[in-house]
Participant: 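Below is a structure I'd like to ask you about.
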Amino acid sequence: MEPETTKVQAPEASVAAPDMEVPKRDAANDFGAAGVDEPPAKKARLDEPSKPAHVDMRDRGIAPIKAEYRIQITPKPRPAEETSPDDAAEAAPRDDRDGGKKDKGKKKKGQNTNRSYGTSKDAKGLCSTRMFANEFAAGECQFGEKCRFEHDLRVYLKDHKREDLTTLNNICPVYEALGKCSSGWKCRMVGSHSTERETEDGKKELILLEDAERMEKARPRVANATPDGIVNIISNQDKIALTRKREDTPRADAYTTWATQVSAELEKAIHQRSTVREKGELVEPNEQAKIDMQENRAQFLEPPFMPSEKRRIYFGPETPVLAPLTTQGNMPFRRLCGDLGAQFTYSEMAMSMPLIQGSKSEWTLLKAHDSEMAPPTVIPGDNIVQGYDNSKDFKFGAQIAANKPWQALKATEVLSKFTPNLRVIDLNCGCPIELVFRDGAGSALLDHHSKLEKMIRGMNAVSQEIPITVKIRMGTKDNQPTAQKLVERMVLGGYESSVLDLGPPGAAAITLHGRSRQQRYTRQADWGYISECAALIKRLNKKQDALSDTIREPDARHMPNGGKTYFVGNGDCYSHTDYDDHVNNAGVDSVMVARGALIKPWIFEEIQTGQYLDKSATERLAYIEKFAKYGLQAWGSDEHGVGTTRRFLLEWLSFAYRYVPIGLLEYLPPNIQDRPPAWRGRNELETLMGSGNYKDWIKITEMFLGPAPDTFKFEPKHKSNSYEAEG
Ligand SMILES: Cc1cc2nc3c(=O)[nH]c(=O)nc-3n(C[C@H](O)[C@H](O)[C@H](O)COP(=O)(O)O)c2cc1C
């Protein structure tokens with residue numbers, strides 16, 4: 001029997017041995033997992049029998065795996081300049097979603113571009129008139145003979161559909177959770193919710209079952225959720241209205257018109273004193289010009305919501321945040337992290353234009369689960385808890401990317417209209433992907449402070465009660481951080497806003513990823529810089545307090561955000577020790593976790609309990625099972641849903657395999673940037689779960705989703721995971 005989770009005390013780290021030849025820490029050379037090893041060119045002698053236990057390999061970027069778990073393998077050479085798996089992971093999915101739109105820029109060595117996923121469907125589908133009907137109760141098919149789908153239920157079940165799955169305790173997870181399966185006869189586990197009964201005239205009829213007790217128990221807590229507990233679903237009608245440009249965005253349009261005029265008038269006013277301007281000094285327009293601009297505003301715009309009218313948000317030590325994660329941050333994964341203690345979740349990044357145009361796939365990203373609707377579980381101060389309204393206090397936020405203010409504003413307005421269950425709308429200013437950057441969105445905004453301020457201010461004006469947050473990086477270029485300047489502008493506003501007395505642009509929270517765009521995932525995130533920003537924001541918050549409309553009685557915490565801009569740090573968080581260190585010493589309000597959660601989602605449990613958890617392979621497998629169940633609940637338990645679940649499970653496993661069980665380490669804390677030498681686990685399952693070969697990942701999916709069909713394809717994002725294990 002495998003032991004259950006062990007709570008681990010951190011052994012003291014010891015002194016590094018100066019003689020050990022190891023490669024520089026560099027995520028671009030990231031390699032390793034049990035059995036699959038591609039060391040960088042300058043390879044350490046790590047495959048040799050043990051070094052003395054006191055060698056602190058962490059300082060050299062090597063995971064300190066105990067000698068008895070290291071194995072010898074034949075390494076394969078890999079070009080040093082290859083893209084890191086993390087860069088590939090962050091970039092590839094977007095490329096996938098862009099339908100293979102080629103990035104003509106730099107070649108991405110090591111990435112599997114143009115990935116395809118094959119198909120997952122029945123050999124011959126069942127006619128929709130039969131899908132939920134009992135055998136003898138199906139309605140007429142209007143296409144009659146011409147219908148290309150099967151009408152005979154027994155023929156469909158016997159000949160056209162693959163056999164039922166015999167996994168997941170032989171019960172359909174949708175039926176198990178909801179008492180009713182939305183895939184009907186197409187369900188790959190239909191045997192668990194169907195039976196044969198004898199009719200009055202002695203015939204045998206196949207019927208679908210429903211479980212009233214389960215249905216009652218499954219009732220969602222949020223009033224506007226679907227019976228399966230999903231919120232933020234835009235209707236087809238509204239989507240079509242968007243596609244046909246029949247949906248107006250009056251708030252965004254009025255604001256954009258006003259903002260354009262104001263900019264022009266401000267420019268004119270400044271231009272009149274161009275001689276002064278040439279000297280590099282910015283001057284204020286005269287009093288009359290100011291009054292004109294403000295009157296103009298009142299004429300065009302509804303007054304935006306004041307900070308005190310916005311939904312309250314809270315980021316504190318008790319609210320670790322799951323990062324927005326393209327592809328990976330799907331609803332099943334977010335649910336899993338929520339179960340394990342994540343207190344705030346974000347959607348995958350949605351692009352503004354497709355949202356405005358009613359694209360189905362983009363709107364799908366905003367769907368959230370009932371379990372993401374609860375408020376953070378621990379809020380300090382009784383009076384704060386009292387103020388919570390469960391119907392509004394969601395812990396799920398949307399993230400959007402936009403390159404122009406009008407796009408950001410329109411997207412915000414339609415989101416606020418069609419997806420009411422959002423805690424915040426976050427503007428992505430960190431995405432490094434070339435296509436997004438070249439378009440002027442994502443991290444490109446880091447170099448356009450005035451535009452970014454306009455976006456945030458405008459989004460705030462049109463989002464009504466939904467607060468606006470922003471996620472940034474240190475800057476676009478290495479060694480030229482610009483985030484501090486940007487933060488100042490986000491909290492207080494720039495020149496234009498001071499001239500017009502507009503007040504702060506109103507970012508309710510700023511998240512800073514402590515890396516530049518250029519840096520990608522190389523080197524550690526710069527928590528020194530993050531900490532300087534945290535101190536700056538504290539100072540600015542004090543200043544902003546004086547400018548904002550915060551009501552200071554009787555306790556500012558009653559008011560949304562207490563009138564402050566929260567500051568969340570992001571980068572490399574991989575254990576509760578990292579988390580606590582960042583909250584206590586870097587001075588951030590909370591920490592956002594991305595890859596750490598993908599590699600070990602129970603990081604949130606570690607944070608909550610304040611201890612290392614040495615999860616056994618069986619426990620980790622149970623999380624995978626949970627994901628599989630949540631996946632089938634989200635995407636359906638028919639052949640297509642099983643295929644989608646398998647695909648996204650494989651995407652997750654492409655991170656999860658990187659977990660090196662902490663019981664195998666010489667010392668703690670583990671470091672996310674460390675590369676493990678080749679290792680074996682404490683049992684076969686642990687070794688399998690550490691394999692970097694995607695064929696082993698498929699094997700793991702088969703434990704829960706049955707054999708992958710011949711038509712199913714999966715190519716890992718990074719070529720390194722296509723290699724066969726050796727040795
Ligand atoms: C697979 C993957 C997808 C990501 N997708 C997004 C995204 O959609 N939006 C975003 O703001 N950041 C995205 N990021 C960046 C993360 O949110 C985070 O800022 C970054 O990984 C640093 O945090 P970490 O060191 O904890 O991983 C992504 C990162 C990864 C690895």
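Both ligands and their constituent atoms are indexed starting at 1 by order of listing. In what follows, every heavy atom counts, from backbone to side chain, and hydrogens, waters and symmetry copies are set aside. Quick note: residue numbers are just sequence positions, from 1.
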Participant: For atom 5 (N) of ligand 1, which candidate among Leu598, Val321, Thr326 provides the closest heavy atom?
Facilitator: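 The option holding the nearest heavy atom is Thr326.
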Participant: May I ask you to identify, for Asn570, whether its side chain, its backbone, both or neither come under 4.0 Å of ligand 1 on a heavy-atom basis?
Facilitator: side chain
Participant: Quick one: does ligand 1 sit under 4.0 Å from the side chain of His513, the backbone, both or neither, non-hydrogen atoms only?
Facilitator: side chain
Participant: Is it true that the side chains of Tyr659 and Lys615 contain a donor and an acceptor less than 3.5 Å apart?
Facilitator: no
Participant: Counting from 1, what ligand 1 atoms have a heavy atom of Asp572 closer than 4.0 Å?
Facilitator: 24 (P), 25 (O), 26 (O)
Participant: Heavy-atom distances under 4.0 Å are what count here, so tell me which part of Met349 touches ligand 1: side chain, backbone, both or neither.
Facilitator: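 Answer for Met349: both.
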Participant: Does the side chain of Gln328 come under 3.5 Å of the side chain of Arg334 through a donor N or O and an acceptor N or O?
Facilitator: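 No, because no side-chain N or O of Gln328 sits under 3.5 Å from a partner of the opposite role on Arg334.
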Participant: Looking only at side-chain N and O atoms, does Ser575 offer a donor or acceptor that is under 3.5 Å from a partner on Lys600?
Facilitator: no
Participant: Is a donor from one side chain sitting under 3.5 angstrom from an acceptor on the other, for Glu372 and Thr345?
Facilitator: yes
Participant: Looking at Phe396, is Arg423 sitting on its ring face, NZ or CZ under 6.0 Å from the six-membered ring centre and within 45 degrees of the normal?
Facilitator: no
Participant: Please state whether Ala525 comes within less than 4.0 angstrom of ligand 1, counting heavy atoms only.
Facilitator: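 The answer is no: ligand 1 sits nowhere under 4.0 Å from a heavy atom of Ala525.
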Participant: Is it true that the side chains of Asp580 and Asn584 contain a donor and an acceptor less than 3.5 Å apart?
Facilitator: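 There is no such pair between these side chains.
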Participant: Within ligand 1, which atoms have a heavy atom of Gly571 less than 4.0 Å away?
Facilitator: 25 (O)
Participant: Which part of Tyr521 is near ligand 1, with near meaning a heavy atom under 4.0 Å away: side chain, backbone, both or neither?
Facilitator: side chain
Participant: Have a look at ligand 1 and work out which part of Leu325, if any, has a heavy atom under 4.0 Å from it: side chain, backbone, both or neither.
Facilitator: both
Participant: Give the intermediate values and the outcome of salt bridge (charged side-chain N to carboxylate O under 4.0 Å, His left out) for residues Asp478 and Arg520.
Facilitator: CA-CA 10 Å; Asp478 253 1; Arg520 298 291 177 105; over 6 Å; no
Participant: For ligand 1, is there an N or O atom under 3.5 Å from any N or O atom of Phe655?
Facilitator: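 Min N/O separation from ligand 1 is not below 3.5 Å for Phe655.
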Participant: Enumerate the atoms of ligand 1 whose separation from the nearest heavy atom of Arg595 is less than 4.0 angstrom.
Facilitator: 24 (P), 25 (O), 26 (O), 27 (O), 31 (C)
Participant: With respect to Asp86, determine whether any N or O atom, backbone or side chain, lies less than 3.5 Å from an N or O atom of ligand 1.
Facilitator: no
Participant: Could you verify whether a donor N or O on one side chain and an acceptor N or O on the other, from Asn428 and Tyr346, lie under 3.5 Å apart?
Facilitator: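 Absent: no donor and acceptor within the cut-off.
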Participant: Taking N or O atoms only and a 3.5 Å limit, does Ala323 qualify as a polar contact for ligand 1?
Facilitator: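 No: no nitrogen or oxygen of Ala323 is under 3.5 Å from one in ligand 1.
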Participant: May I ask you to list the atoms of ligand 1 that are less than 4.0 angstrom from any heavy atom of Asn428?
Facilitator: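 Checking each atom against Asn428, I get 9 (N), 10 (C), 11 (O).
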Participant: Would you please say whether a donor-acceptor pair under 3.5 Å links the side chains of Arg473 and Ser516?
Facilitator: no
Participant: Find all atoms of ligand 1 within a distance of less than 4.0 Å from any non-hydrogen atom belonging to Lys471, and give their numbers and elements.
Facilitator: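 Within the 4.0 Å cut-off of Lys471, ligand 1 contributes 10 (C), 11 (O), 12 (N), 15 (C), 16 (C), 17 (O), 18 (C), 19 (O).
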Participant: Picking from Asp589, Val568, Val470, Leu486, what satisfies side chain to side chain contact (heavy atoms under 4.5 Å, CB included) with Ile510?
Facilitator: Val470
